[in-house]
J.: 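This is the structure, below, for whatever I ask next.
Everything quoted here is computed from the prediction, not taken from an experiment.
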Amino acid sequence: MSLSKANRWWLGVVVAAAATAGILVYVPSGRTALADDARRDEEQLARVEELSATFRQVAKRVKPAVVQIISTQVASERSARGREGLDLDDLPAPWREFFRGFGGPEGFSRPNPLRQGSGSGVIIDAEKGFILTNNHVVGDAEEKTDVGLRVNLADGRRGIPAKLVGRDPKTDIALIQINADRLEAAVLGDSSKMDVGDWVLAIGAPFGFAQTVTQGIISATGRSVGDTIDYQDWLQTDAAINPGNSGGPLVNMRGEVIGINVAIATSGLVSGYQGVGFAIPIEGIKDFLPDLMAGREPVRGYLGVQIQGLESQPGIEETFGLKPGMSGVLVE
(Lines give C-alpha, C1' and ligand atoms only; values in the text may rest on other atoms or scores of the structure.)
Protein backbone atom coordinates (compact mmCIF):
# COMPACT_ATOMS: atom_id res chain seq x y z
CA MET A 1 0.00 0.00 0.00
CA SER A 2 1.38 3.44 -1.00
CA LEU A 3 1.80 6.23 1.54
CA SER A 4 -0.96 8.29 -0.03
CA LYS A 5 -3.36 5.39 0.07
CA ALA A 6 -2.44 4.70 3.73
CA ASN A 7 -3.05 8.31 4.63
CA ARG A 8 -6.42 8.26 2.90
CA TRP A 9 -7.34 5.03 4.73
CA TRP A 10 -6.49 6.51 8.19
CA LEU A 11 -8.33 9.68 7.30
CA GLY A 12 -11.41 7.62 6.50
CA VAL A 13 -11.20 5.84 9.84
CA VAL A 14 -10.90 9.15 11.73
CA VAL A 15 -13.84 10.68 9.86
CA ALA A 16 -15.97 7.60 10.48
CA ALA A 17 -15.10 7.63 14.19
CA ALA A 18 -15.88 11.32 14.48
CA ALA A 19 -19.18 10.84 12.71
CA THR A 20 -20.05 7.95 14.99
CA ALA A 21 -19.11 9.99 18.08
CA GLY A 22 -21.24 12.83 16.86
CA ILE A 23 -24.22 10.58 16.46
CA LEU A 24 -23.71 9.15 19.98
CA VAL A 25 -23.28 12.53 21.64
CA TYR A 26 -26.22 14.25 20.03
CA VAL A 27 -29.51 13.72 21.89
CA PRO A 28 -32.60 15.84 21.43
CA SER A 29 -33.25 18.24 24.37
CA GLY A 30 -36.55 16.52 25.27
CA ARG A 31 -34.81 13.20 25.76
CA THR A 32 -32.12 14.87 27.88
CA ALA A 33 -34.76 16.24 30.26
CA LEU A 34 -36.39 12.83 30.55
CA ALA A 35 -33.03 11.24 31.29
CA ASP A 36 -32.31 13.85 33.99
CA ASP A 37 -35.72 13.27 35.59
CA ALA A 38 -35.17 9.52 35.57
CA ARG A 39 -31.75 9.96 37.17
CA ARG A 40 -33.18 12.21 39.90
CA ASP A 41 -35.98 9.72 40.54
CA GLU A 42 -33.45 6.94 40.94
CA GLU A 43 -31.37 9.03 43.33
CA GLN A 44 -34.41 9.91 45.45
CA LEU A 45 -35.56 6.29 45.47
CA ALA A 46 -32.08 5.21 46.53
CA ARG A 47 -32.22 7.59 49.51
CA VAL A 48 -35.64 6.25 50.52
CA GLU A 49 -34.44 2.67 50.18
CA GLU A 50 -31.37 3.55 52.26
CA LEU A 51 -33.60 4.85 55.07
CA SER A 52 -35.80 1.78 54.77
CA ALA A 53 -32.72 -0.43 55.01
CA THR A 54 -31.71 1.42 58.19
CA PHE A 55 -35.11 0.79 59.79
CA ARG A 56 -34.86 -2.86 58.76
CA GLN A 57 -31.36 -3.20 60.20
CA VAL A 58 -32.32 -1.57 63.52
CA ALA A 59 -35.41 -3.77 63.90
CA LYS A 60 -33.41 -6.89 63.07
CA ARG A 61 -30.79 -5.96 65.66
CA VAL A 62 -33.16 -5.15 68.55
CA LYS A 63 -36.14 -7.50 68.12
CA PRO A 64 -34.34 -10.61 69.49
CA ALA A 65 -33.95 -8.76 72.82
CA VAL A 66 -37.62 -7.71 73.10
CA VAL A 67 -39.91 -10.02 75.06
CA GLN A 68 -43.57 -10.31 75.93
CA ILE A 69 -44.38 -10.51 79.64
CA ILE A 70 -47.49 -12.27 80.94
CA SER A 71 -48.41 -11.40 84.51
CA THR A 72 -50.95 -13.61 86.29
CA GLN A 73 -52.26 -12.02 89.46
CA VAL A 74 -54.80 -12.47 92.19
CA ALA A 75 -57.00 -9.40 92.45
CA SER A 76 -57.94 -8.07 95.86
CA GLU A 77 -61.36 -9.13 97.15
CA ARG A 78 -62.98 -5.76 96.54
CA SER A 79 -61.45 -5.23 93.08
CA ALA A 80 -62.45 -8.79 92.15
CA ARG A 81 -66.12 -7.95 92.57
CA GLY A 82 -68.10 -6.88 89.61
CA ARG A 83 -71.47 -7.91 88.41
CA GLU A 84 -70.62 -11.45 89.46
CA GLY A 85 -68.62 -10.40 92.51
CA LEU A 86 -71.25 -8.36 94.32
CA ASP A 87 -71.23 -8.60 98.10
CA LEU A 88 -74.68 -8.30 99.71
CA ASP A 89 -73.19 -6.29 102.57
CA ASP A 90 -72.30 -3.55 100.08
CA LEU A 91 -75.99 -3.05 99.22
CA PRO A 92 -78.51 -0.92 101.09
CA ALA A 93 -80.57 -3.05 103.50
CA PRO A 94 -83.84 -2.91 101.45
CA TRP A 95 -82.03 -4.38 98.42
CA ARG A 96 -80.34 -7.30 100.16
CA GLU A 97 -83.41 -9.56 100.25
CA PHE A 98 -84.06 -8.90 96.57
CA PHE A 99 -80.65 -10.26 95.58
CA ARG A 100 -80.33 -12.94 98.27
CA GLY A 101 -81.87 -15.63 96.09
CA PHE A 102 -79.08 -15.39 93.53
CA GLY A 103 -75.69 -17.04 93.80
CA GLY A 104 -76.16 -19.05 96.96
CA PRO A 105 -76.06 -18.02 100.60
CA GLU A 106 -73.16 -15.60 100.02
CA GLY A 107 -74.91 -13.71 97.26
CA PHE A 108 -72.72 -13.00 94.24
CA SER A 109 -69.39 -12.99 96.08
CA ARG A 110 -66.77 -15.44 94.84
CA PRO A 111 -63.17 -16.39 95.65
CA ASN A 112 -60.41 -14.14 94.41
CA PRO A 113 -60.18 -14.79 90.65
CA LEU A 114 -56.99 -14.81 88.64
CA ARG A 115 -56.36 -11.88 86.38
CA GLN A 116 -53.90 -11.86 83.53
CA GLY A 117 -52.10 -8.89 82.02
CA SER A 118 -49.65 -8.50 79.20
CA GLY A 119 -46.80 -6.11 78.55
CA SER A 120 -43.34 -5.90 77.04
CA GLY A 121 -39.75 -5.88 78.19
CA VAL A 122 -36.21 -5.74 76.88
CA ILE A 123 -33.27 -7.98 77.78
CA ILE A 124 -30.34 -5.86 78.99
CA ASP A 125 -28.04 -8.64 80.25
CA ALA A 126 -28.01 -11.90 78.28
CA GLU A 127 -25.72 -13.75 80.69
CA LYS A 128 -27.76 -13.00 83.82
CA GLY A 129 -31.14 -12.90 82.09
CA PHE A 130 -32.06 -9.42 83.32
CA ILE A 131 -35.11 -7.85 81.65
CA LEU A 132 -36.12 -4.21 82.03
CA THR A 133 -39.83 -3.37 82.02
CA ASN A 134 -42.47 -1.19 83.72
CA ASN A 135 -43.50 -1.66 87.31
CA HIS A 136 -47.17 -1.62 86.32
CA VAL A 137 -46.53 -4.52 83.93
CA VAL A 138 -45.44 -6.84 86.76
CA GLY A 139 -48.18 -5.64 89.11
CA ASP A 140 -48.58 -3.32 92.07
CA ALA A 141 -47.91 -5.12 95.36
CA GLU A 142 -50.19 -2.75 97.27
CA GLU A 143 -53.26 -3.81 95.30
CA LYS A 144 -52.48 -7.21 93.84
CA THR A 145 -50.55 -10.33 94.72
CA ASP A 146 -48.26 -11.66 92.00
CA VAL A 147 -48.68 -15.40 91.49
CA GLY A 148 -46.78 -15.76 88.26
CA LEU A 149 -44.59 -13.97 85.73
CA ARG A 150 -43.98 -15.65 82.39
CA VAL A 151 -41.88 -14.48 79.48
CA ASN A 152 -42.28 -15.23 75.77
CA LEU A 153 -39.05 -14.84 73.81
CA ALA A 154 -38.60 -13.63 70.25
CA ASP A 155 -37.27 -17.02 69.10
CA GLY A 156 -40.56 -18.74 69.92
CA ARG A 157 -39.82 -20.05 73.42
CA ARG A 158 -42.89 -19.35 75.53
CA GLY A 159 -43.93 -19.38 79.17
CA ILE A 160 -40.46 -19.08 80.70
CA PRO A 161 -40.83 -18.45 84.46
CA ALA A 162 -39.50 -15.09 85.65
CA LYS A 163 -38.84 -13.64 89.08
CA LEU A 164 -39.05 -10.05 90.20
CA VAL A 165 -35.57 -8.79 91.14
CA GLY A 166 -36.30 -5.16 91.93
CA ARG A 167 -38.79 -2.39 91.34
CA ASP A 168 -39.00 1.37 91.58
CA PRO A 169 -42.63 2.53 91.60
CA LYS A 170 -41.54 6.17 91.72
CA THR A 171 -40.31 5.90 88.12
CA ASP A 172 -42.50 2.91 87.11
CA ILE A 173 -39.50 0.70 86.38
CA ALA A 174 -39.03 -2.96 87.31
CA LEU A 175 -36.30 -5.53 86.73
CA ILE A 176 -37.15 -9.21 86.29
CA GLN A 177 -34.92 -12.21 85.63
CA ILE A 178 -35.22 -15.44 83.68
CA ASN A 179 -33.02 -18.53 83.51
CA ALA A 180 -32.51 -19.31 79.84
CA ASP A 181 -29.69 -19.75 77.35
CA ARG A 182 -29.15 -18.26 73.87
CA LEU A 183 -30.40 -14.84 74.95
CA GLU A 184 -29.57 -11.63 73.13
CA ALA A 185 -29.32 -8.31 74.93
CA ALA A 186 -29.97 -4.82 73.61
CA VAL A 187 -27.42 -2.03 73.96
CA LEU A 188 -28.30 0.90 76.21
CA GLY A 189 -27.78 4.26 74.53
CA ASP A 190 -27.63 7.88 75.69
CA SER A 191 -31.06 9.50 75.89
CA SER A 192 -29.51 12.90 76.69
CA LYS A 193 -28.34 13.12 73.08
CA MET A 194 -31.87 12.77 71.69
CA ASP A 195 -33.62 15.87 70.44
CA VAL A 196 -36.90 16.80 68.82
CA GLY A 197 -37.05 15.44 65.28
CA ASP A 198 -34.77 12.42 65.82
CA TRP A 199 -36.04 9.16 64.31
CA VAL A 200 -36.98 6.39 66.76
CA LEU A 201 -38.55 2.92 66.69
CA ALA A 202 -40.84 1.47 69.36
CA ILE A 203 -40.87 -2.32 69.73
CA GLY A 204 -43.24 -4.37 71.86
CA ALA A 205 -46.45 -6.37 72.03
CA PRO A 206 -49.37 -3.96 71.60
CA PHE A 207 -52.71 -5.72 72.15
CA GLY A 208 -50.72 -8.95 72.50
CA PHE A 209 -49.17 -8.78 69.02
CA ALA A 210 -45.56 -9.59 69.92
CA GLN A 211 -42.58 -8.22 67.98
CA THR A 212 -44.48 -5.23 66.60
CA VAL A 213 -42.30 -2.37 65.32
CA THR A 214 -43.56 1.20 64.88
CA GLN A 215 -41.67 4.24 63.65
CA GLY A 216 -41.76 7.94 64.49
CA ILE A 217 -39.74 10.82 65.87
CA ILE A 218 -39.03 12.42 69.23
CA SER A 219 -41.86 14.94 69.55
CA ALA A 220 -40.75 16.61 72.79
CA THR A 221 -38.47 16.11 75.78
CA GLY A 222 -38.82 16.74 79.52
CA ARG A 223 -42.53 15.89 79.61
CA SER A 224 -44.50 15.48 82.85
CA VAL A 225 -47.96 13.90 82.68
CA GLY A 226 -50.22 13.84 85.73
CA ASP A 227 -49.08 13.01 89.25
CA THR A 228 -49.47 9.22 89.44
CA ILE A 229 -45.70 8.72 89.03
CA ASP A 230 -43.34 10.79 91.19
CA TYR A 231 -40.38 11.20 88.86
CA GLN A 232 -41.14 12.20 85.29
CA ASP A 233 -38.82 13.63 82.69
CA TRP A 234 -40.22 11.72 79.79
CA LEU A 235 -39.50 11.61 76.08
CA GLN A 236 -42.56 12.19 73.92
CA THR A 237 -42.88 10.37 70.59
CA ASP A 238 -45.39 9.92 67.79
CA ALA A 239 -44.24 6.33 67.21
CA ALA A 240 -47.40 4.28 67.72
CA ILE A 241 -47.60 3.07 71.33
CA ASN A 242 -50.66 1.13 72.48
CA PRO A 243 -51.69 -0.99 75.48
CA GLY A 244 -49.17 -3.83 75.63
CA ASN A 245 -46.25 -1.67 74.48
CA SER A 246 -45.56 -0.75 78.11
CA GLY A 247 -42.10 -1.84 79.17
CA GLY A 248 -40.81 -2.21 75.62
CA PRO A 249 -37.84 -0.25 74.29
CA LEU A 250 -37.72 3.01 72.35
CA VAL A 251 -34.56 2.85 70.24
CA ASN A 252 -32.53 5.26 68.12
CA MET A 253 -31.23 4.69 64.62
CA ARG A 254 -28.15 2.95 66.02
CA GLY A 255 -30.35 0.30 67.58
CA GLU A 256 -29.63 1.55 71.10
CA VAL A 257 -32.28 1.69 73.82
CA ILE A 258 -32.88 5.34 74.72
CA GLY A 259 -36.16 4.88 76.60
CA ILE A 260 -38.68 2.46 78.09
CA ASN A 261 -42.22 3.01 76.77
CA VAL A 262 -44.51 3.82 79.66
CA ALA A 263 -47.73 5.68 78.76
CA ILE A 264 -49.96 7.23 76.12
CA ALA A 265 -52.17 10.29 76.04
CA THR A 266 -55.56 9.38 74.68
CA SER A 267 -59.22 10.30 74.81
CA GLY A 268 -62.55 8.66 74.17
CA LEU A 269 -64.10 5.46 75.42
CA VAL A 270 -61.31 3.21 74.13
CA SER A 271 -57.68 3.90 75.02
CA GLY A 272 -55.45 3.73 71.99
CA TYR A 273 -52.93 5.45 69.79
CA GLN A 274 -53.50 9.18 69.34
CA GLY A 275 -49.99 10.14 68.24
CA VAL A 276 -48.80 11.06 71.75
CA GLY A 277 -46.75 8.46 73.61
CA PHE A 278 -44.14 8.67 76.35
CA ALA A 279 -40.96 6.83 77.29
CA ILE A 280 -38.77 6.94 80.40
CA PRO A 281 -35.29 8.17 79.39
CA ILE A 282 -32.66 5.48 79.82
CA GLU A 283 -30.18 7.91 81.41
CA GLY A 284 -32.40 8.29 84.47
CA ILE A 285 -32.81 4.51 84.73
CA LYS A 286 -29.04 3.95 84.64
CA ASP A 287 -28.70 5.91 87.90
CA PHE A 288 -30.53 3.31 89.99
CA LEU A 289 -30.18 0.20 87.80
CA PRO A 290 -27.30 -1.19 89.93
CA ASP A 291 -29.62 -1.04 92.97
CA LEU A 292 -32.31 -3.00 91.16
CA MET A 293 -29.81 -5.61 90.00
CA ALA A 294 -28.65 -6.05 93.61
CA GLY A 295 -32.23 -6.30 94.86
CA ARG A 296 -31.99 -3.02 96.76
CA GLU A 297 -34.62 -0.33 96.90
CA PRO A 298 -33.38 2.83 95.16
CA VAL A 299 -32.62 5.61 97.66
CA ARG A 300 -32.79 9.24 96.61
CA GLY A 301 -31.89 12.45 98.31
CA TYR A 302 -34.78 14.64 99.38
CA LEU A 303 -34.88 18.42 99.64
CA GLY A 304 -37.86 19.75 101.56
CA VAL A 305 -38.82 22.47 99.14
CA GLN A 306 -41.28 22.97 96.34
CA ILE A 307 -40.58 24.99 93.23
CA GLN A 308 -43.04 26.72 90.94
CA GLY A 309 -42.43 28.77 87.82
CA LEU A 310 -43.78 32.30 88.05
CA GLU A 311 -45.35 31.92 84.62
CA SER A 312 -47.43 28.96 85.82
CA GLN A 313 -49.73 31.20 87.85
CA PRO A 314 -50.60 34.59 86.32
CA GLY A 315 -50.18 37.50 88.71
CA ILE A 316 -48.13 35.62 91.31
CA GLU A 317 -45.09 37.80 90.67
CA GLU A 318 -47.03 40.89 91.72
CA THR A 319 -47.73 39.26 95.08
CA PHE A 320 -44.02 39.51 95.84
CA GLY A 321 -43.70 43.06 94.56
CA LEU A 322 -42.18 42.06 91.24
CA LYS A 323 -42.93 43.57 87.88
CA PRO A 324 -45.70 41.87 85.85
CA GLY A 325 -44.39 39.33 83.35
CA MET A 326 -41.11 38.70 85.13
CA SER A 327 -39.71 35.19 84.81
CA GLY A 328 -38.32 33.17 87.65
CA VAL A 329 -38.96 30.38 90.11
CA LEU A 330 -40.78 30.53 93.42
CA VAL A 331 -39.12 28.37 96.10
CA GLU A 332 -41.26 27.32 99.07
Side-chain angles (χ1 to χ4, degrees), residues 55-56 58-73 114-126 129-140 144 146-165 167 172-178 180 182-188 200-216 234-235 237-252 255-266 270-280 282 285:
F55 288 147
R56 184 166 59 246
V58 172
K60 185 177 181 180
R61 181 182 305 170
V62 182
K63 284 176 64 178
V66 180
V67 304
Q68 183 182 18
I69 300 173
I70 308 298
S71 174
T72 305
Q73 304 165 340
L114 297 181
R115 287 190 173 183
Q116 197 172 74
S118 174
S120 305
V122 57
I123 301 172
I124 59 172
D125 189 321
F130 284 142
I131 299 173
L132 203 59
T133 185
N134 286 145
N135 181 58
H136 74 261
V137 170
V138 300
D140 191 333
K144 302 170 185 176
D146 294 334
V147 296
L149 288 174
R150 302 279 175 172
V151 171
N152 297 335
L153 298 178
D155 61 8
R157 286 179 285 176
R158 304 178 63 82
I160 299 176
K163 68 176 182 178
L164 180 63
V165 178
R167 64 181 1 158
D172 198 9
I173 286 295
L175 186 71
I176 65 175
Q177 187 178 30
I178 61 174
R182 306 191 314 276
L183 298 178
E184 295 189 39
V187 177
L188 302 185
V200 289
L201 297 183
I203 308 176
F207 302 111
F209 294 105
Q211 298 294 298
T212 295
V213 180
T214 55
Q215 158 271 319
W234 292 344
L235 300 171
T237 180
D238 67 344
I241 295 176
N242 284 290
N245 270 117
S246 292
L250 190 70
V251 301
N252 60 18
E256 301 166 337
V257 178
I258 51 90
I260 297 297
N261 300 319
V262 62
I264 58 176
T266 186
V270 180
S271 296
Y273 173 68
Q274 298 289 332
V276 182
F278 303 97
I280 305 168
I282 201 66
I285 299 173

J.: Could you walk me through whether L188 and I285 pass the side-chain contact (heavy atoms from CB on, under 4.5 Å) check?
T.: CA-CA 10 Å; L188 302 185; I285 299 173; over 6 Å; no
J.: Could you tell me which non-hydrogen atom of A240 sits nearest to which non-hydrogen atom of T214, and how far apart they are?
T.: O-OG1, 2.8 Å
J.: Nearest 0.5 Å please: distance from the CD1 atom of I124 over to the CG atom of L183.
T.: 12.5 Å
J.: Any idea which heavy atoms bring A239 and A202 closest together, and the distance?
T.: CB-CB, 4.2 Å
J.: Provide the closest heavy-atom pair for D238 versus Y273 in the form atom of the first, atom of the second, distance.
T.: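 Nearest pair, atom of D238 first, then Y273: O-OH, 2.7 Å.
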J.: For the pair S118 (side chain) and G244 (backbone), establish whether a donor and an acceptor sit closer than 3.5 Å, ignoring hydrogens and angles.
T.: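 It does not hold such a pair.
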J.: Which value, rounded to the nearest 0.5 Å, describes the distance between I282 atom CD1 and I173 atom CD1?
T.: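 CD1 of I173 is found 7.0 Å from CD1 of I282.
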J.: Please step through side-chain contact (heavy atoms from CB on, under 4.5 Å) for the pair V66 and Q211, ending with a clear verdict.
T.: CA-CA 7 Å; V66 180; Q211 298 294 298; 4.0 Å; yes
J.: Main chain of G255, side chain of N252: is a donor-acceptor contact present, judged purely on distance under 3.5 Å?
T.: yes
J.: Apply side-chain contact (heavy atoms from CB on, under 4.5 Å) to residues I258 and V200 and explain how you reach the verdict.
T.: CA-CA 9 Å; I258 51 90; V200 289; 4.3 Å; yes
J.: Are side-chain heavy atoms of I264 and Q274 found at a separation under 4.5 Å?
T.: no
J.: If you measure from NZ on K163 to CD1 on I178, what distance do you get to the nearest 0.5 Å?
T.: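 One gets 12.0 Å once the value is rounded to the nearest 0.5 Å.
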J.: Can you tell me how far apart OG (S120) and CD1 (I131) are? Round to the nearest 0.5 Å.
T.: 11.0 Å
J.: Would you find a donor on one side and an acceptor on the other, under 3.5 Å apart, between the side chain of N152 and the backbone of R158?
T.: no
J.: Donor-acceptor pair, distance only, cut-off 3.5 Å: does the side chain of R150 make one with the backbone of T72?
T.: no
J.: More than 12 heavy atoms of other residues, nucleotides or ligands under 6.0 Å from CZ of F209: yes or no?
T.: no
J.: Which atoms form the tightest heavy-atom contact between A154 and K63, and what is the distance?
T.: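 Smallest heavy-atom distance, with atoms named: CB-O, 3.5 Å.
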J.: If you round to the nearest 0.5 Å, how far is CG of D172 from CZ of F278?
T.: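 Separation between the atoms: 13.5 Å.
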J.: Would you name the heavy atoms of L164 and L175 that are closest together and state the gap between them?
T.: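 That closest heavy-atom pairing would be CD1-O, 3.7 Å.
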J.: Kindly give the heavy-atom pair with the smallest separation between V213 and A59, and that separation in Å.
T.: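 So the minimum-distance heavy-atom pair works out to CG2-CB, 4.2 Å.
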J.: Calculate, to the nearest 0.5 Å, the distance between atoms CD1 and CD1 belonging to I70 and I160 respectively.
T.: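 CD1 of I160 is found 12.5 Å from CD1 of I70.
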J.: Could you walk me through whether V257 and L132 pass side-chain contact (heavy atoms from CB on, under 4.5 Å), step by step?
T.: CA-CA 11 Å; V257 178; L132 203 59; over 6 Å; no
